[in-house]
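For ligands, and for the atoms within them, numbers begin at 1 and follow the listed sequence.
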Amino acid sequence: MTNEILSVDIGELAPGEMKAVQHAGLSVLICNVDGEFYALENECSHAAVPLDEGTLRGCELECDFHGALFDVRSGKALAMPATVAVRVFAVERRGRVLSIRV
Ligand code: FES
């Protein structure tokens, strides 16, 4: 973590949706879970593929490649084949702008 703040317009991101943003070589995935926003590294801990191609159900994100599940609130791996958590980033919301500490 560099303690940089990444500011993202989340006005168009509806509940149940996610979007990836790029920052200094890092891909960050923002998830809207029933109006609460979470940010995590957009890379599966199993085989380093993008998680934004997966499926978000509630606070669980399923990797599209081999079916691993992650809790987007904590990054914790919930189902095999992933066993290692995905990095999460602290967020603060002001209106339609999300500040992400990366
Ligand atoms: S790459 Fe995500 S589960 Fe294998």
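A donor-acceptor contact shorter than 3.5 Å is absent between the side chain of Asp71 and the backbone of Glu60. Judged by distance alone, with hydrogens and angles left aside, the side-chain atoms of Glu17 form a donor-acceptor pair with the main-chain N or O of Ala14 at under 3.5 Å. In this structure a side-chain-to-backbone donor-acceptor pair under 3.5 Å is present from Ser45 to Val84.
A salt bridge is defined here as a Lys NZ or Arg NE, NH1 or NH2 lying under 4.0 Å from an Asp or Glu carboxylate O, and Asp9 with Arg96 meets this definition. One finds a salt bridge joining Arg94 and Glu92 here, because a Lys/Arg side-chain nitrogen approaches an Asp/Glu carboxylate oxygen to under 4.0 Å.
Shown in contact with Cys63 at under 4.0 Å from a heavy atom are these atoms of ligand 1, numbered in order with element: 1 (S), 2 (Fe), 3 (S). Near Ala68, meaning under 4.0 Å from any of its heavy atoms, are these atoms of ligand 1: 3 (S). Numbered from 1 in the order shown, with element, the atoms of ligand 1 that lie under 4.0 Å from a heavy atom of Val49 read 1 (S).
In His66, the N, O or S atom that comes nearest to atom 4 (Fe) of ligand 1 is ND1.
Here Cys44 does not reach atom 4 (Fe) of ligand 1: none of its N/O/S atoms is less than 2.8 Å from the metal. Contact annotation: His46 places an N, O or S atom under 2.8 Å from atom 4 (Fe) of ligand 1.
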